[in-house]
Peer 1: 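My questions will all concern the structure given below.
Whatever order the structure lists them in is the order used to number ligands and atoms, beginning at 1. The structure displayed is predicted, hence computed values, not measured ones.
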Amino acid sequence: MYEIVHKSDLAHNIKLFKVYAPDIAKKAKPGQFVIVRNNEQGERIPLTIADYDRHKGTITIIFQEVGKSTIDMGKFEPGDKFLDFVGPLGKPSEIGKYGKIVCVGGGIGVAPIHPILRALYEKENYIISILGARNSDLLIWEEKIKAFSHETYLMTDDGSYGEKGLVTDALAKIISQQDIDMVLAIGPLAMMQAVSEVTRLKQIKTLVSLNPIMLDGTGMCGACRVKIGNENKFACVDGPEFDGHLVEWENAKQRAKMFKEQEGLALNYKNN
Ligand code: FAD
Ligand code: FES
Ligand code: MG
């Protein structure tokens with residue numbers, strides 16, 4: 001159980017695993033995530049379900065090596081097993097027929113947007129996807145996204161691939177030219193905030209998938225508390241998708257940095 005049956009490198013520091021977890025593969029829905037643990041000493045790592053194969057019983061996860069736990073996880077090879085692999089967690093995305101939808105994926109956010117975009121496409125929505133990355137080496141899953149999009153725009157910060165600029169440049173242009181019914185954005189907090197600001201003026205419904213620090217993933221510990229309008233919500237059970245126009249972004253950014261010092265110490269400890 002929880003054996004890695006496939007591993008590949010998608011980009012610099014970005015890896016894909018297919019993990020044998022038939023119970024989770026049976027139930028997984030777009031927008032949900034798992035929480036994994038590498039070993040007895042390991043911390044809990046939330047990761048979005050980027051894809052699932054109910055027939056083969058596998059879950060696909062895509063992760064960026066950003067600190068101790070994800071760097072350790074990147075050393076796993078096919079045949080290795082996770083100690084824990086818990087899920088599916090979180091509320092699934094609401095897959096309805098909305099009309100014209102812009103799906104914005106930034107960096108590693110392209111992976112979690114994939115199953116949602118595919119389900120929305122299969123519901124006969126018109127899908128416009130915008131993928132963004134710092135440079136061409138970090139742009140992932142272009143073909144998989146294009147397969148379920150009617151239009152695709154590729155943006156890189158340095159212009160090394162697609163168009164030079166930010167995803168919000170492409171988004172602003174699209175909403176000035178077309179009537180858009182909904183926008184879905186997944187990526188770094190600053191990107192999702194910027195997307196929400198662009199759509200606010202026209203009051204276009206905007207969903208974002210928040211990734212605050214999570215521990216238990218069951219609504220008990222409070223680690224993932226986010227402020228949505230005047231309410232406190234727990235992203236692990238009430239989300240991770242929320243209305244981008246209601247998110248208190250500064251609070252979310254502050255909380256994401258809460259353990260920077262300890263995270264740095266953990267990384268250095270490992271390297272010594
Ligand atoms: P650290 O050095 O410990 O932390 C680096 C940064 O990662 C921190 O500053 C913090 O912002 C964030 N982080 C650290 N611990 C946690 C934690 N327990 N929960 C959430 N964020 C944390 N990353 C991916 O690469 N691919 C995904 O598909 C993906 N999906 C996610 C889905 C959800 C619902 C959430 C909440 C997070 C997701 N993340 C994903 C982020 C991923 O969990 C963190 O990058 C990872 O936990 C960092 O661990 P670390 O020890 O390697 O880095
Ligand atoms: Fe503990 Fe959400 S992770 S309440
Ligand atoms: Mg960590």
Side-chain angles (χ1 to χ4, degrees), residues 9-19 28-39 41-52 59-76 82 84-93 105-116 133 138 140-141 186-190 192 207-228 232-242 251-271:
D9 288 311
L10 292 190
H12 180 62
N13 287 347
I14 301 181
K15 295 194 162 63
L16 177 151
F17 286 167
K18 284 187 186 171
V19 181
K29 295 211 175 94
Q32 292 187 297
F33 62 95
V34 290
I35 293 190
V36 312
R37 225 157 44 110
N38 297 339
N39 51 46
Q41 290 78 39
E43 59 182 351
R44 297 159 77 80
I45 316 169
L47 296 166
T48 307
I49 297 171
D51 207 350
Y52 43 83
I59 293 287
T60 301
I61 49 173
I62 295 181
F63 62 97
Q64 188 160 22
E65 293 165 335
V66 293
K68 178 169 168 48
S69 299
T70 45
I71 291 173
D72 284 352
M73 191 162 80
K75 293 179 187 148
F76 277 164
F82 282 97
D84 297 335
F85 201 85
V86 178
L89 299 168
K91 280 191 181 164
S93 306
I108 191 81
V110 172
I113 220 160
H114 164 261
I116 308 174
L138 295 171
I140 59 168
W141 270 15
I186 308 187
L189 279 174
M192 295 191 286
L207 296 175
V208 296
S209 182
L210 295 182
N211 48 3
I213 289 177
M214 291 188 182
L215 293 180
D216 66 340
T218 60
M220 304 289 282
C221 72
C224 68
R225 194 182 76 230
V226 285
K227 282 201 158 176
I228 309 293
N232 282 321
K233 298 275 184 190
F234 295 134
C236 67
V237 286
D238 300 322
E241 265 174 35
F242 293 102
N251 174 266
K253 285 196 272 190
Q254 207 55 43
R255 287 180 65 82
K257 289 190 291 202
M258 226 163 25
F259 298 107
K260 273 279 169 225
E261 194 187 332
Q262 292 85 343
E263 288 156 3
L265 286 172
L267 193 57
N268 289 332
Y269 181 73
K270 175 202 146 278
N271 290 337

Peer 1: Can you name the closest pair of heavy atoms from T48 and P112 and give their distance?
Peer 2: CG2-CB, 3.3 Å
Peer 1: Tell me, with the steps shown, if I140 and L16 meet side-chain contact (heavy atoms from CB on, under 4.5 Å).
Peer 2: CA-CA 11 Å; I140 59 168; L16 177 151; over 6 Å; no
Peer 1: Would you mind naming the N, O or S atom of E43 nearest to the Mg ion (ligand 3)?
Peer 2: OE2
Peer 1: Heavy atom to atom 25 (O) of ligand 1, shortest distance: which of Q64, E65, K253, E43 holds it?
Peer 2: Q64
Peer 1: Quick one, L47 with M73, criterion side-chain contact (heavy atoms from CB on, under 4.5 Å). Give me CA distance, side-chain angles, the key distance, then yes/no.
Peer 2: CA-CA 12 Å; L47 296 166; M73 191 162 80; 3.5 Å; yes
Peer 1: Might you point out which heavy atoms bring F33 and P240 nearest each other, and give the distance in Å?
Peer 2: CE2-CD, 4.1 Å
Peer 1: Counting both backbone and side chain atoms, is some N or O of M214 under 3.5 Å from an N or O of ligand 1?
Peer 2: yes
Peer 1: For a side-chain contact (heavy atoms from CB on, under 4.5 Å) check, start with the C-alpha distance between F82 and V34, then their side-chain angles and the critical distance, and finish with the verdict.
Peer 2: CA-CA 12 Å; F82 282 97; V34 290; over 6 Å; no
Peer 1: Measuring from non-hydrogen atoms of P212 to any atom of ligand 1, is the shortest distance under 4.0 Å?
Peer 2: yes
Peer 1: Should one rank P46, P188, G90, P240 by closest heavy-atom distance to atom 33 (C) of ligand 1, which comes out on top?
Peer 2: P46
Peer 1: Nearest heavy-atom pair of G217 and L89: which atoms, and what distance?
Peer 2: O-CD2, 3.8 Å
Peer 1: Can you find a protein heavy atom under 4.0 Å from atom 10 (C) of ligand 1?
Peer 2: yes
Peer 1: Check atom 2 (Fe) of ligand 2 and write out every protein N, O or S atom at under 2.8 Å, as residue and atom.
Peer 2: C224 SG, C236 SG
Peer 1: For the backbone of I14 and the side chain of Q64, can you confirm whether one donor and one acceptor N or O come within less than 3.5 Å of each other?
Peer 2: no
Peer 1: In terms of residue, atom name and distance, what is the protein heavy atom nearest to atom 53 (O) of ligand 1?
Peer 2: G67 CA, 3.3 Å
Peer 1: To the nearest 0.5 Å, how far apart are CE in M214 and CD1 in I35?
Peer 2: 6.5 Å
Peer 1: I need the minimum non-hydrogen distance between P212 and C224, along with the two atoms involved.
Peer 2: CG-O, 3.6 Å
Peer 1: Short list, please: which atoms of ligand 1 are under 4.0 Å from a heavy atom of R44?
Peer 2: 18 (N)
Peer 1: I'd like the name of whichever of I213, I62, L189 reaches closest to atom 13 (N) of ligand 1 through any heavy atom.
Peer 2: I213
Peer 1: Looking only at protein heavy atoms, identify the closest one to atom 14 (C) of ligand 1 and say how far it is in Å.
Peer 2: E263 OE2, 3.7 Å
Peer 1: Heavy atoms, side chains only, cut-off 4.5 Å: are I62 and W141 in contact?
Peer 2: yes
Peer 1: Rounded to the nearest 0.5 Å, how far does CD of E241 lie from CD1 of I186?
Peer 2: 6.0 Å
Peer 1: Just to be sure I read this right, does ligand 1 sit under 4.0 Å from the backbone of N211, its side chain, both, or neither, counting only heavy atoms?
Peer 2: both
Peer 1: Within a distance under 4.0 Å of any heavy atom of L47, pick out the atoms of ligand 1 and give their elements.
Peer 2: 23 (N), 24 (C), 26 (N), 27 (C), 29 (C), 30 (N), 31 (C), 40 (C)
Peer 1: Within the 4.5 Å heavy-atom criterion, are I228 and L210 side-chain neighbours or not?
Peer 2: yes
Peer 1: For the CD1 atom of I213 and the CD atom of E43, what is their distance to the nearest 0.5 Å?
Peer 2: 9.0 Å
Peer 1: What residue and heavy atom of the protein are closest to atom 45 (O) of ligand 1, and at what distance?
Peer 2: V66 CG2, 3.5 Å
Peer 1: Got the closest protein heavy atom to atom 49 (O) of ligand 1, with its distance?
Peer 2: T70 CG2, 4.1 Å
Peer 1: Can you report which non-hydrogen protein atom sits closest to atom 32 (C) of ligand 1, along with the distance?
Peer 2: T48 OG1, 3.3 Å
Peer 1: Please state which protein non-hydrogen atom is closest to atom 47 (O) of ligand 1 and give its distance, to 0.1 Å?
Peer 2: I45 CG2, 3.6 Å
Peer 1: Of all the atoms in ligand 1, which lie at a distance below 4.0 Å from a heavy atom belonging to F63?
Peer 2: 24 (C), 25 (O), 26 (N)
Peer 1: I'd like to know whether K227 forms a side-chain contact (heavy atoms from CB on, under 4.5 Å) with N232, so could you lay out the CA-CA distance, the side-chain angles of the two residues, the decisive distance to 0.1 Å, and finally the verdict.
Peer 2: CA-CA 5 Å; K227 282 201 158 176; N232 282 321; 3.5 Å; yes
